[in-house]
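Quick note: residue numbers are just sequence positions, from 1.
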Amino acid sequence: MRKHRWLIGVAVSLLIVILGFVIQVEYGAEDSERVIVDYTLNLYSAPECFDEAGFTNNISEMTYGDVEDGSEFLPESTCTAMEFQTSRGPLWFAWFM
């Protein structure tokens, strides 16, 4: 039995790697990511898209989870929508993306 321990270890390792590519999960923006909110226009923007946003001076910062729960705010542009979209893919991609 001692001679075959390495074979069992290799088989279990391969099984874990294969399952990581087979199991499908949803991944995307976390609820703790910050967004910039314009209270006048009722829009939110990702920090990467803020320069093109055209917001008024009535802005503040919130988390993405707060914006999604309130649902009174809409994404400012397609850039913001693309930053916060969720995707479905293998478990390994979700862990390392």
Side-chain angles (χ1 to χ4, degrees):
M1 184 67 178
R2 286 186 147 196
K3 287 197 269 186
H4 301 292
R5 277 191 192 170
W6 67 272
L7 186 62
I8 293 171
V10 169
V12 169
S13 297
L14 282 174
L15 181 65
I16 290 172
V17 169
I18 290 170
L19 286 177
F21 286 108
V22 172
I23 297 173
Q24 300 286 313
V25 295
E26 286 190 9
Y27 59 93
E30 295 182 17
D31 288 344
S32 62
E33 289 192 42
R34 71 182 187 108
V35 296
I36 295 107
V37 177
D38 187 336
Y39 290 104
T40 303
L41 302 174
N42 287 338
L43 298 174
Y44 69 91
S45 175
E48 296 83 9
C49 307
F50 180 70
D51 291 337
E52 298 90 28
F55 280 171
T56 63
N57 286 337
N58 191 10
I59 61 174
S60 181
E61 192 175 298
M62 296 177 85
T63 62
Y64 182 65
D66 293 340
V67 168
E68 285 295 305
D69 289 343
S71 74
E72 65 185 63
F73 298 103
L74 298 173
E76 172 269 329
S77 65
T78 55
C79 174
T80 300
M82 294 296 288
E83 287 291 325
F84 292 114
Q85 78 178 9
T86 58
S87 300
R88 187 163 177 81
L91 181 63
W92 289 121
F93 290 168
W95 281 351
F96 298 113
M97 290 286 214

> If Ile, Leu, Val, Met, Phe, Trp and Tyr residues are connected whenever their side-chain heavy atoms lie under 4.5 Å apart, and connections chain through other members, are Leu14 and Trp6 in the same group?
Replying inline: yes
> Can you check whether Val25 reaches Ile23 side chain to side chain, under 4.5 Å on heavy atoms?
Replying inline: yes
>> For Glu30, is the CD atom crowded, meaning more than 12 foreign heavy atoms sit under 6.0 Å from it?
In response: no
>> Working note: Glu83 + Cys49, criterion side-chain contact (heavy atoms from CB on, under 4.5 Å); need CA distance, chi angles, decisive distance, verdict.
In response: CA-CA 9 Å; Glu83 287 291 325; Cys49 307; 4.1 Å; yes
> Atom OG1 of Thr78 and atom CD of Gln85: how far apart are they, to the nearest 0.5 Å?
Replying inline: 11.0 Å
> Hey, what do you get for CG (Asp51) to SG (Cys79), rounding to the nearest 0.5 Å?
Replying inline: 10.0 Å
> Any idea which heavy atoms bring Thr86 and Glu26 closest together, and the distance?
Replying inline: OG1-OE1, 4.5 Å
>> Can a donor-acceptor pair be found, under 3.5 Å and without considering hydrogens, that links the side chain of Asp38 to the backbone of Phe55?
In response: no
> When rounded to the nearest 0.5 angstrom, what is the spacing between CD in Glu61 and CG in Asp66?
Replying inline: 11.0 Å
>> Please evaluate residues Tyr64 and Ser32 with respect to the criterion side-chain contact (heavy atoms from CB on, under 4.5 Å), reporting the C-alpha separation (whole Å), side-chain torsions for both, the decisive distance (0.1 Å), and the verdict.
In response: CA-CA 6 Å; Tyr64 182 65; Ser32 62; over 6 Å; no
> Under 3.5 Å, is there a donor-acceptor pair between the side chain of Trp92 and the main chain of Val17?
Replying inline: yes
>> Measuring from atom CG of Leu91 to atom CD1 of Ile16, what distance do you get when rounded to the nearest 0.5 angstrom?
In response: 11.5 Å
>> Before you tell me yes or no, could you show the steps for Tyr27 and Arg88 under side-chain contact (heavy atoms from CB on, under 4.5 Å), namely the whole-Å CA-CA distance, both residues' side-chain angles and the distance that decides it to 0.1 Å?
In response: CA-CA 6 Å; Tyr27 59 93; Arg88 187 163 177 81; over 6 Å; no
>> So which atom in Ala53 and which in Ser45 form the shortest heavy-atom distance, rounded to 0.1 Å?
In response: CB-OG, 4.2 Å
>> Looking at every heavy atom in both Val67 and Val37, which two are closest together, and how far apart are they?
In response: CG2-CG2, 4.0 Å
>> Quick check on the hydrophobic clustering: are Phe21 and Leu19 connected, directly or via other members, by side-chain heavy-atom contacts under 4.5 Å?
In response: yes
>> My understanding is that only one of Phe50, Tyr44, Phe73 makes a side-chain contact (heavy atoms from CB on, under 4.5 Å) with Val35; could you say which?
In response: Tyr44
>> Nearest 0.5 Å, please: how far is CG in Leu74 from CD in Glu76?
In response: 11.0 Å
> Is the number of heavy atoms from other residues, nucleotides or ligands within 6.0 Å of CE (Met82) greater than 12?
Replying inline: no
> Given Thr40, which of Ile59, Asn58, Asn57 fulfils the side-chain contact (heavy atoms from CB on, under 4.5 Å) condition?
Replying inline: Asn58
> Can you list the steps and then say if Arg34 with Met62 is a side-chain contact (heavy atoms from CB on, under 4.5 Å)?
Replying inline: CA-CA 6 Å; Arg34 71 182 187 108; Met62 296 177 85; over 6 Å; no
> Taking atom OG1 of Thr63 and atom CD of Glu68, what is their separation to the nearest 0.5 Å?
Replying inline: 10.0 Å
> Should Gln24 and Pro90 count as side-chain neighbours, where that means a heavy-atom distance under 4.5 Å?
Replying inline: yes
